[in-house]
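To keep things clear, I will list the structure first and then write my remarks on it.
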Amino acid sequence: VPAGMEIKIKMKIVETIAEVRAQVKEWRAQGLSVGLVPTMGYLHEGHKSLIDRAVAENDKVVVSVFVNPMQFGPTEDLASYPRDLEHDAKLCEEHGVDLIFHPTPEEMYGDQFYSYVDMDVLTKELCGLSRPVHFRGVCTVVTKLFNIVTPDRAYFGQKDAQQLAVIKRMVKDLNMPLTITGCPIIREADGLAKSSRNTYLSIEERAAALVLRRSIFLGKEMVEKGERDCKKILAAMTAEIEKEPLAKIDYVKIVDLDTMQQVEKIDRGILAAIAVYIGKTRLIDNFIA
Ligand code: PAF
């Protein structure tokens, strides 16, 4: 348990790559399967659902808690990103996690680091446009976590739908020997998608943020009722967001579920995805059809 942490936790929390490797080696020697839930901490119900699935499907479960500097742009919220390891450790222990890997940036990247995992096409759309270094940072850190933990299965939320598509593609393209499982979006009682960034919202902004789910539910309903013209669906979703004075649209798009390229007609698996600033906080939401 890191210095300064007061609560009694039986579950192991380690900060070094060597300790993770030693533990996984021991499990492997016993023939046990290993699941990994990569996170940036400040765990909420969405993470809980990933952890529960991982615990149900694997003999041992590792949760990584690492706010990865490489996936934040220079003007993004790296410094203010919420952190609470005690809360995370408690939640993990209660949910049957076996090991938390909580490395420092130095442990992960040393003082010199020159190797990246990058991706074309899928990362050039949606969040990739406003966050140009983001997916390179995600692909690189996730590859490192896969190499460190060597899990049989890893779990990611459908809320970050483009991230999930990118990671599935990376694993396929680069023959990484594990299974990627996507888990459904978990919402607050009023429909706001759970996100660690929801904590940034003032009371007024929290109410305004419901415009994301109104737009998503509206688009989803149109598709369910048989609308296939993306222009019409996007126009309705956009108009819904524009009703909210505190909201500023980053994007509202419908893309092919595998390639993340925009489509005009819903004639295959699609992702409808939105990114909206509520004040200074950038929130995302989506549905798949
Ligand atoms: O989804 C996240 O929390 C992060 O992007 C991930 C996958 C843990 C990589 O840092």
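In the hydrophobic clustering of this structure, Val142 groups with Leu126; members are Ile, Leu, Val, Met, Phe, Trp, Tyr whose side-chain heavy atoms approach within less than 4.5 Å, directly or through other members. Grouping the Ile, Leu, Val, Met, Phe, Trp and Tyr side chains by contacts below 4.5 angstrom, directly or via other members, places Ile274 with Ile266. Residues Leu145 and Leu85 fall into different hydrophobic clusters, defined by Ile, Leu, Val, Met, Phe, Trp and Tyr side chains chained together at heavy-atom separations under 4.5 Å. Hydrophobic clustering, with ILVMFWY side chains joined whenever heavy atoms are under 4.5 angstrom apart, groups Met176 together with Leu122.
Side chain of His87 to backbone of Leu43: a donor-acceptor contact under 3.5 angstrom is found. A side-chain donor-acceptor contact under 3.5 Å links Gln261 to the backbone of Val121. No donor-acceptor pair under 3.5 Å is formed between the side chain of Lys60 and the backbone N or O of Leu32. Under a 3.5 Å cut-off, the side chain of Ser215 and the backbone N or O of Leu212 do not form any donor-acceptor pair. A donor-acceptor contact shorter than 3.5 Å is absent between the side chain of Arg153 and the backbone of Pro151. Judged by distance alone, with hydrogens and angles left aside, the side-chain atoms of Asp285 form no donor-acceptor pair with the main-chain N or O of Lys159 at under 3.5 Å. Put simply, the side chain of Glu244 never gets that close to the backbone of Ala209: no donor and acceptor are under 3.5 Å apart. Between the side chain of Glu76 and the backbone N or O of Leu78 there is no donor-acceptor pair closer than 3.5 Å. Not one N or O on the side chain of Glu45 forms a donor-acceptor pair closer than 3.5 Å with the backbone of Ile186. At distances below 3.5 Å, at least one donor-acceptor pair connects side-chain atoms of Arg228 with backbone N or O atoms of Val223.
With values rounded to the nearest 0.5 angstrom, Leu234 atom CG is found 9.0 Å from Met222 atom CE. Once rounded to the nearest 0.5 Å, the distance linking CD of Glu205 with NZ of Lys280 reads 9.0 Å.
Aromatic ring pairs are classed by plane angle as parallel below 30°, tilted from 30° to 60° and perpendicular above 60°; the pair Tyr81 and Phe72 is perpendicular. Between Tyr116 and Phe113, the ring-plane angle classifies as perpendicular under the 30° and 60° cut-offs.
Between Lys90 and Glu93 no salt bridge is recorded (no basic side-chain N to carboxylate O distance below 4.0 Å). A salt bridge is absent between Lys231 and Glu264; no separation between the charged side-chain nitrogens and carboxylate oxygens falls under 4.0 Å.
Residues Glu125 and Gln262 bring a donor and an acceptor atom of their side chains to less than 3.5 Å of each other. Judged by distance alone, the side chains of Ser130 and Asp250 do bring a donor and an acceptor atom under 3.5 Å apart.
Considering Ile13, Ile148, Val63 in turn, Ile148 is the only one that fulfils the side-chain contact (heavy atoms from CB on, under 4.5 Å) rule with Phe101. Residue Ile270 forms a side-chain contact (heavy atoms from CB on, under 4.5 Å) with just one option from Val263, Leu257, Asp256, and that option is Val263. With Tyr155 as the fixed residue, the side-chain hydrogen bond (donor to acceptor under 3.5 Å, both in side chains) test singles out one of Thr39, Thr181, Asn58: Asn58.
Taking each heavy atom of Ser33 and Asp152 in turn, the nearest pair found is CA-OD2, 3.3 Å.
By the ring-ring contact (aromatic ring centres under 6.0 Å, His included) test, Phe217 is found to be paired with no residue, residues two or more places apart in sequence or in another chain being considered.
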